[in-house]
Amino acid sequence: MLSTINFCIIAAIVIYLLLMLAIGFLFSKGNADSKDFYLGGRKMGPFITAMSAEASDMSSWLLMGLPGVAYLSGVCDAAWTAIGLGIGTYLNWLLVARRLRRYSSNLDAITVPDFFSKRYHDKRNILNAIAALVIIIFFIPYTASGFAACGKLFNSLFGVNYMTAMVVSALIIVGYTIMGGFKAVSTTDLIQSCVMTMALCIVIGFGVATAGGVGAVMDNAKALPGYLSMNATYNAVEGTSSSYGIITIISTMAWGLGYFGMPHILLRFMAIEDEKKLVLSRRVATVWVFFAMAAAIFIGIVGLGMTKAGALETLQGSASETVIVKIAGLISSNGILAAIVAGVILAGIMAATMSTADSQMLAAASSVSQNILQDFFHIKMSGKKSLTIARGTILVISVIAIFLAKDPESSVFSIVSFAWAGFGGAFGAVMLCALFWKRSNMQGALAGMIAGGVTVFLWKYLVRPLGGVWNIYELLPAFLVSLAAVVVVSLLTGKPEEEIEKEFEAAK
């Protein structure tokens, strides 16, 4: 029988989900063509641009993965990852955002593959098709990881069947994405970033109070060898510390390189109404990212303090990623109002997952309907037919993603890590060269895209397992190989046409 506490938690989550669907319905009549559906007509304001970009970036990894790492092994691994991501966020907004907004608008490009193709005057749309395939290859499993996170959340909390919970969550996400397109996705992402922020603050406040105050939390952390160090990690099983070398630090910080190739983030840069407002967007996005990641790491430290105080059970292995869920459960035991607050916190976890999954489905849908069917195969279709195909593509992608996520034991973090490397490796260096190097050409961009994508697979499955100095996150070598391929092939092949160089100068 459903208890009053559980009813209040579920009610808070259901109201939140219905709000997301209502937003999708509200924007459903504003999509006149594919530019509206994919880019919101390039009319997005600076605040919603900033917050939707970062909410779509920070998946459930922010509220589950990062606190779990800090809880289990201390601040070192989590902190270097956060520093790399924070620097990457700032540089992406500083270097890429304004130039990409102007360049893509000048070329009338509405997707990232479309931009590559028009930037290099790829008349056969080979770049378009290859880039679209990269997006599909890495975004479908990425979306699956988001569905899986939702399924695991409800399964662990209420004992709801994993598949049932995952399918219902997927239907909600698919529903508002299909109805409202980019405007709905961006608006819901803004709301979701606010919910995520609220969840972080409430959990920290309650956790610190339960653990006996900030002093008790920090004293507990200081007593553990290597727990607060930036060059060592804590081994919870043996109660010892392990060194964290410079190669590992560089490898971990390389996460930041991924931003230059993330289609769902780059689309936000292309969609803002005025490039001058990107300065405000950059400031808002950077501050929020550093705050959110610092808060998430501190939750892991607070969670361990709560365990020390006897308020929280000891969490081992992958169970450490549920620390925020466990804290929410403790909050809910303090009455009906507290249960509603706990529901908001759990909605925040769902928000982190949904804000990433919706953006990924939209980017993948645009790759199929716009870049492959219309641009590569030259299938002519009206604006309404294009929208219908885009929505149908989202449905197909979601079905495939649900199938891939049917195993509740699948690793969410490893899928996210691999997909992040895939986009950063295939698109990161190519995007930077396309925006800032006039001599780069189509052959170089194609070589960089393929070389970077292939290196991710080779390094992940053949080189990295060798261990030692080869144990480097696959994004770093893939990015460097891609950059080298763009430069070398561009210099060995013909100089870009005069028209291409004029367009490049116009975007400066």
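Between Tyr259 and Trp93, the ring centre distance reaches or exceeds 6.0 Å.
Remark: side-chain polar atoms of Thr455 are paired, donor with acceptor, to backbone N or O of Ala451 under 3.5 angstrom. Remark: side-chain polar atoms of Ser482 are not paired, donor with acceptor, to backbone N or O of Ala478 under 3.5 angstrom. For the pair Trp420 (side chain) and Trp255 (backbone), a donor-acceptor distance under 3.5 Å is present. Panel note: side chain Ser251, backbone Ile247; no donor-acceptor pair is recorded below 3.5 Å. With hydrogens and angles ignored, the 3.5 Å screen pairs a side-chain donor or acceptor of Arg99 with a backbone N or O of Leu435. A donor-acceptor distance shorter than 3.5 angstrom exists from the side chain of Ser333 to the backbone of Leu330, with no hydrogens or angles considered. With hydrogens and angles disregarded, a donor-acceptor distance shorter than 3.5 Å links the side chain of Tyr473 to the backbone of Ser417. Ser229 places a side-chain N or O within 3.5 Å of a backbone atom of Asn231 that can act as its donor or acceptor partner. Although no hydrogens or angles enter the test, the distance criterion places no donor-acceptor pair under 3.5 Å between the side chain of Arg98 and the main chain of Leu278.
Counting heavy atoms from C-beta on, the side chains of Ile402 and Met163 come closer than 4.5 Å. Within the 4.5 Å cutoff, the side chain of Val208 has heavy atoms near those of the Phe298 side chain. Side chains of Trp80 and Ile250 form no contact here, defined as non-hydrogen atoms less than 4.5 Å apart. The side-chain heavy atoms of Leu95 and Phe436, taken from C-beta on, include a pair separated by under 4.5 Å. Using a 4.5 Å heavy-atom threshold, the side chains of Val430 and Leu483 count as separate. Proximity of Asn6 to Ile9: side-chain heavy atoms (C-beta onward) are separated by under 4.5 Å at one or more points.
The number of heavy-atom neighbours closer than 6.0 Å to CH2 of Trp437, taken from other residues, nucleotides and ligands shown, is above 12. Annotation for Ile336: atom CD1 does not count as buried by contact number, only 12 or fewer foreign heavy atoms lying within 6.0 Å. Environment of NZ in Lys460: crowded, with over 12 heavy atoms of neighbouring residues, nucleotides or ligands closer than 6.0 Å.
Across every non-hydrogen atom of Ala254 and Leu476, the tightest pair is CB-CB, 3.8 Å. Thr233 approaches Tyr244 most closely through the heavy-atom pair CG2-CD1, 3.5 Å.
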Q: Walk me through it: do Ser241 and Tyr227 pass the test side chain to side chain donor-acceptor pair (under 3.5 Å)?
A: CA-CA 8 Å; Ser241 64; Tyr227 193 87; over 6 Å; no
(Q) If you apply the rule side-chain contact (heavy atoms from CB on, under 4.5 Å), what do you find for Asn92 with Phe269, and how did you get there? (A) CA-CA 10 Å; Asn92 204 25; Phe269 301 160; 3.5 Å; yes
Q | side-chain contact (heavy atoms from CB on, under 4.5 Å) between Thr314 and Gln316, intermediate numbers included | A | CA-CA 6 Å; Thr314 301; Gln316 299 178 342; 4.2 Å; yes
(Q) Run Leu100 and Met431 through side-chain contact (heavy atoms from CB on, under 4.5 Å) and show every step you take. (A) CA-CA 9 Å; Leu100 180 59; Met431 178 58 74; 4.1 Å; yes
Q: Take Tyr234 and Leu228, measure what side-chain contact (heavy atoms from CB on, under 4.5 Å) needs, and give me the verdict at the end.
A: CA-CA 8 Å; Tyr234 171 64; Leu228 294 180; over 6 Å; no
